[in-house]
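Just so it is clear: chains get the letters A, B, ... in the order the sequence lines come, proteins before strands, and each one is counted from 1. Being a predicted model, the structure only gives us computed values, none of them experimental. Values reported hereafter were calculated over all heavy atoms of this structure, with side chains retained and with hydrogens, waters and symmetry mates removed.
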Number of protein chains: 2
Amino acid sequence: MFPDSSPTISFTPLKSKRAFEEISAEIKRLVFQGILKPGDKLPSETELARQFRVGRQTVREALRLLELSGIVAIQKGSNGGPVIKDRILATISSLMHDAFHMKKISIEELTVARCEFEKVVLKYVIDTIEESDIKSLQYNIDKAKQKLGNNMLAIEEHIEFHILLAKASKNHFFVIVMASIMALLRALLCQVEENLESANDNIGYTERIIRSRNTLIYHEGIIHAIIEKKQDEAVQLLEQHLQEVRNRLQPFIK
Amino acid sequence: MFPDSSPTISFTPLKSKRAFEEISAEIKRLVFQGILKPGDKLPSETELARQFRVGRQTVREALRLLELSGIVAIQKGSNGGPVIKDRILATISSLMHDAFHMKKISIEELTVARCEFEKVVLKYVIDTIEESDIKSLQYNIDKAKQKLGNNMLAIEEHIEFHILLAKASKNHFFVIVMASIMALLRALLCQVEENLESANDNIGYTERIIRSRNTLIYHEGIIHAIIEKKQDEAVQLLEQHLQEVRNRLQPFIK
DNA sequence: TCACATTTGTCCGTATGTATC
DNA sequence: AGATACATACGGACAAATGTG
């Protein structure tokens, strides 16, 4: 699995990089080249240390880098060890969350960017959407309906809806940015919910159910407009929908 | 996801947190709360290990996490050690770069997304730009001019121009996405340059100088249009400019 | 249920490289 | 140039977790 003799032409600088960085980069390279794929198991730490001719601590620090890059996941115990995984979108979202906490991003900035961004995505989706995308979106709606039928909030489904929309644009960059936005928004909404729960009684819950149903209606309308290729109508619904979300977050913009 | 008796509650794992993760989270918390600020020096590894009552390796792995999160930087030598630093935007761009490799984002997807995104940014910049932003942009132009006067390419300045533009929008989310796009683009351009250098003689260099000068003219035009609040003209120049970039990358779209 | 092997998590001691004074 | 302080790295050891027989 790990080539001992490297016929690579690229001469890596010797001193500037630390050992664990080189090991991390080497494994990344194998993943990017498709030699290692998600699901593949890497050798254990001791075995990696033996093959790379380094100590176990060095391997561990390399694994920390790969773990936080969303490229490998580590499981303990027998039959455990490092496994190639593609969690890179989740890690980007996590870093975005950090950036938000460092006051680099305000709620206002995020909602403005989201609105503009979703309008762009919608413009492309009208042309690029396929039958399979419509099925996914419809399934998402059904799941949300079922939850709301049982008086449960469908927040995860509402978030997923917008990511599915980005996927329908067939542009992976759009998907990455949308996933980041929605991850941030989810974190924000959770904070808002916590504030509400601690301050209000459970009358607020029925209020939230009503809003969740309202969101569902917007989502259904947007799908309908997309299917009928009515871009203006879709954009208008989207703007109304996002305006409501914005108003809901407004009190928390300090 | 799967019909389960339990509602969608994200169960945070209790014991699965490793010691170095808790240490990393604790230091992050101090940074987010403003108790630790960029520039502040953290105790040395041994001292941190003593205070947290853990081994040095545990501290080291915690520092790896914080380093890759763009929250601390580590300096070697005497008077070195971990320092609070805000490099979070750079690390997000770096992860986006990984995502580009993993998700196989095509050049076509990236350029399309970039064009749409820059138009949105431009729309806001017209209203939000301040005197200091214009000064920064003008300084960027001057630097590029000076380099081109010495028959040097001004690629870094050209890239910085667009990031400065995003900063002028006063929306940090725009800055993050723009920085990510430009980081990707820089990597692509370097690949293209390598291909050219290995295939062609240095006649290609004068060709690139000419293109670089051309880019500069576009950038100057865009600034001028922004100052005079002529949005349509600015957008038109931007579209022409990006179309040229796109044509240049066209041969490398597989 | 009970060992047992495997692998990660953690700690310690030691040595080396490196930057600053 | 030497001393100092720190990160970097190695190897050994044991504990904890996890799957298997």
Side-chain angles (χ1 to χ4, degrees), chain A residues 1-2 4 12-28 36 38-85 87 91, chain B residues 11-28 36 38-85 87 91:
Chain A
M1 187 176 291
F2 287 84
D4 289 358
T12 49
L14 292 156
K15 291 204 167 183
S16 65
K17 273 189 180 176
R18 295 170 284 188
F20 64 84
E21 284 178 330
E22 289 190 28
I23 292 172
S24 169
E26 173 66 11
I27 294 177
K28 264 191 190 180
L36 289 173
D40 289 355
K41 277 189 65 173
L42 262 59
S44 69
E45 291 180 356
T46 45
E47 178 62 18
L48 283 170
R50 197 186 60 78
Q51 292 193 23
F52 280 113
R53 303 275 204 278
V54 293
R56 198 174 144 226
Q57 167 161 345
T58 308
V59 170
R60 281 185 63 80
E61 293 186 36
L63 288 175
R64 291 290 86 77
L65 258 58
L66 293 168
E67 203 179 13
L68 204 64
S69 298
I71 290 178
V72 308
I74 284 141
Q75 286 162 351
K76 284 198 299 187
S78 178
N79 273 20
V83 182
I84 303 291
K85 254 190 177 172
R87 286 185 43 80
T91 59
Chain B
F11 294 105
T12 47
L14 288 97
K15 289 190 73 178
S16 75
K17 262 198 177 179
R18 297 166 284 190
F20 63 84
E21 283 178 331
E22 290 190 25
I23 292 172
S24 169
E26 174 65 12
I27 294 177
K28 262 192 190 179
L36 289 172
D40 290 356
K41 277 189 67 173
L42 261 61
S44 68
E45 290 182 356
T46 46
E47 179 61 18
L48 282 171
R50 198 187 60 78
Q51 292 192 22
F52 280 111
R53 301 274 205 282
V54 294
R56 279 198 305 280
Q57 169 145 359
T58 307
V59 170
R60 283 183 64 77
E61 293 184 35
L63 289 175
R64 290 289 87 76
L65 258 58
L66 292 168
E67 202 180 14
L68 202 67
S69 299
I71 290 178
V72 309
I74 284 134
Q75 288 162 355
K76 287 191 292 191
S78 180
N79 271 19
V83 182
I84 303 291
K85 224 177 181 184
R87 287 186 44 77
T91 58

Exercise. Is the closest basic N to carboxylate O distance between B:R64 and B:E61 below 4.0 Å?
Worked result: no
Problem set entry | Nucleotide C:dC21, atom P - distance to CD of B:Q75 in whole Å | 12 Å
For this session: Could you pull out all residues at least two apart from A:R56 that satisfy salt bridge (charged side-chain N to carboxylate O under 4.0 Å, His left out)?
Result: A:E45
Seminar exercise, completed: From CD1 of B:I23 across to P of C:dT10 the rounded distance in Å is 8 Å
Give every pair of a protein N or O atom and an N or O atom of nucleotides 18-21 of chain D that lie under 3.5 Å apart, one pair per line with the distance.
{"residue": "D:dT18", "atom": "O2", "partner": "A:S78", "partner atom": "N", "Å": "2.9"}

Exercise. Quick one: side-chain contact (heavy atoms from CB on, under 4.5 Å) partners of B:Q51, sequence neighbours excluded?
Worked result: B:P43, B:E47
Exercise. Rounded to whole angstroms, how far apart are CD on B:E47 and C1' on D:dA5?
Worked result: 13 Å
For this session: Using the test side-chain hydrogen bond (donor to acceptor under 3.5 Å, both in side chains), find all partners of B:T91 that sit at least two apart in sequence or belong to another chain.
Result: none
Exercise. Do A:R60 and B:Q57 have side chains that get closer than 4.5 Å, going by heavy atoms?
Worked result: yes
Exercise. Is it true that a side-chain atom of A:K41 and a backbone atom of A:G80 form a donor plus acceptor pair closer than 3.5 Å?
Worked result: yes
Problem set entry | Phosphate contact (D:dA7 OP1 or OP2) by B:R64 side-chain N/O below 4.0 Å | no
Exercise. Over how many whole Å does the gap from B:L42 atom CG to D:dC6 atom P extend?
Worked result: 13 Å
For nucleotides 9-13 of chain D, print each protein N/O atom paired with a nucleotide N/O atom at under 3.5 Å, atom names and distance only.
{"residue": "D:dA9", "atom": "OP1", "partner": "A:A19", "partner atom": "N", "Å": "2.5"}
{"residue": "D:dC10", "atom": "OP2", "partner": "A:G55", "partner atom": "N", "Å": "2.9"}
{"residue": "D:dC10", "atom": "OP2", "partner": "A:T58", "partner atom": "OG1", "Å": "2.1"}
{"residue": "D:dC10", "atom": "O5'", "partner": "A:G55", "partner atom": "N", "Å": "3.3"}
{"residue": "D:dC10", "atom": "N4", "partner": "A:Q57", "partner atom": "OE1", "Å": "3.3"}
{"residue": "D:dA13", "atom": "N6", "partner": "A:R56", "partner atom": "NH1", "Å": "3.3"}

For this session: Please identify each residue that fulfils side-chain contact (heavy atoms from CB on, under 4.5 Å) with B:D40, with sequence neighbours left out.
Result: B:L36, B:K37, B:I84
Exercise. Considering all heavy atoms of both residues, which atom of A:T58 and which atom of A:F20 are nearest to each other, and what is their separation?
Worked result: O-CB, 3.4 Å
Exercise. When all nucleic acid strands are considered with a 4.0 Å heavy-atom cut-off, which category describes A:P82: base, sugar-phosphate, or nothing?
Worked result: sugar-phosphate
Seminar exercise, completed: Between CG of A:L63 and P of C:dT7 the distance, given in whole Å, is 14 Å
